[in-house]
Amino acid sequence: MDYQALETCYKSIRQMTDFVPEIAIVLGSGLGDFADTIEVLGEISYKDIDNFPVSTAPGHAGKFVFGLLSGKKVICMKGRIHFYEGYGAEEVILPIRLIKMMGAKKVMLTNAAGGLNAEFRIGDFMMLTDHISLFAYNPLIGKNISELGERFTDMSVPYDKELCDIVRACAKRLAIPLKEGVYAQVTGPSYESPAETRLLRGLGADAVGMSTVMETIAARHMGMQVCAISCITNITYDISGKQPNEQEVMDAGKKNSKLFTAFITEIVKNM
Ligand code: HPA
């Protein structure tokens with residue numbers, strides 16, 4: 001996809017709204033409820049945007065919801081595009097690019113993730129301090145779109161220090177025992193084998209999932225400030241003895257949805 005194709009999408013959005021968001025929030029599996037708590041000024045279904053890929057993943061609604069939260073202009077992606085659905089990497093990151101073109105300079109990414117760290121429990125929130133992208137396709141492969149960013153994107157500090165401090169402070173205020181760690185993105189859709197689980201843990205990953213890192217890379221390419229939070233929905237089989245399944249991942253996300261919403265709300269107020 002080139003810049004012109006992006007502009008086509010952007011123009012299509014601009015025919016529907018002139019909303020200029022400050023903060024973008026990408027809502028992961030089972031974590032979409034947050035969008036209901038904002039003062040909604042408008043919604044745009046992905047299917048109504050020219051050239052836009054439509055999410056087919058369960059638990060993902062497929063629309064932008066935008067409005068106000070404590071006076072801040074926010075846009076939520078209710079439903080993201082996953083690589084495992086068969087979309088290309090450029091399609092996966094298209095929404096992040098559009099949100100930046102609309103004006104957002106900060107983004108909070110959320111996801112459901114499997115816990116690799118033996119200290120983690122189902123329902124824990126883990127703030128990403130770093131990531132491993134090596135098992136996911138790098139979304140910046142291909143001709144660089146120089147209107148968006150440079151050819152070689154620095155990834156020394158993928159998750160913004162200032163935003164991470166805000167997330168920590170908010171967790172403290174709400175008495176949430178926030179975990180921190182490294183998230184590894186895999187393509188999915190199959191869950192990890194025992195050898196893959198050991199490999200990821202051996203590489204220093206604390207949680208594993210099928211999203212987020214490609215979006216972080218795209219956001220950093222454009223110079224956005226990024227923070228990300230995983231909801232630990234299952235613990236890997238070698239620790240828990242339980243095989244992950246989609247229903248449990250969704251249920252664990254939903255079970256935590258109230259606290260998660262309160263947490264995100266507090267963070268956005270302070271971003
Ligand atoms: N592995 C990969 N992705 C996931 C998992 C997992 O165990 N849980 C939720 N998303």
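In this chain, residues are counted from 1 in sequence order. Counting convention: from 1, in listed order, for ligands and their atoms alike.
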A.B. asks: Got the closest protein heavy atom to atom 3 (N) of ligand 1, with its distance?
C.D. replies: G209 CA, 3.3 Å
A.B. asks: List the steps, then state whether salt bridge (charged side-chain N to carboxylate O under 4.0 Å, His left out) holds for E22 with K73.
C.D. replies: CA-CA 5 Å; E22 300 163 54; K73 289 178 168 179; over 6 Å; no
A.B. asks: With heavy atoms of E192 as the reference, note each atom of ligand 1 found under 4.0 Å away.
C.D. replies: 1 (N), 2 (C), 6 (C), 7 (O)
A.B. asks: Going by distance only, is there an N or O of N234 that falls short of 3.5 Å from an N or O of ligand 1?
C.D. replies: yes
A.B. asks: Under a heavy-atom criterion of less than 4.0 Å, does G188 contact ligand 1?
C.D. replies: no
A.B. asks: For T233, counting its heavy atoms only, list the atoms of ligand 1 lying under 4.0 Å from any of them.
C.D. replies: 8 (N), 9 (C)
A.B. asks: Which residue and non-hydrogen atom of the protein lie closest to atom 10 (N) of ligand 1, and at what distance in Å?
C.D. replies: A112 O, 3.4 Å
A.B. asks: Return a yes/no value for G114: is any of its N or O atoms, backbone included, closer than 3.5 angstrom to an N or O of ligand 1?
C.D. replies: yes
A.B. asks: Looking only at protein heavy atoms, which one is nearest to atom 4 (C) of ligand 1, and what is the separation?
C.D. replies: V208 O, 3.7 Å
A.B. asks: Are the charged groups of D165 and R168 less than 4.0 angstrom apart, N to O?
C.D. replies: yes
A.B. asks: Salt bridge or not between E266 and R173? Use side-chain N to carboxylate O under 4.0 Å.
C.D. replies: yes
A.B. asks: Enter the distance from I229:CD1 to F263:CZ here, rounded to the nearest 0.5 Å.
C.D. replies: 4.5 Å
A.B. asks: Should one rank Y191, Y84, Y237 by closest heavy-atom distance to atom 6 (C) of ligand 1, which comes out on top?
C.D. replies: Y191
A.B. asks: Quick one: SG on C227 to CD on Q225, what's the gap to the nearest 0.5 Å?
C.D. replies: 9.0 Å
A.B. asks: Side chains of R151 and S146 only: does a donor on one sit below 3.5 Å from an acceptor on the other?
C.D. replies: no
A.B. asks: For the residue pair Y46 and F64, categorise the inter-ring angle as parallel (less than 30°), tilted (30 to 60°) or perpendicular (more than 60°).
C.D. replies: perpendicular
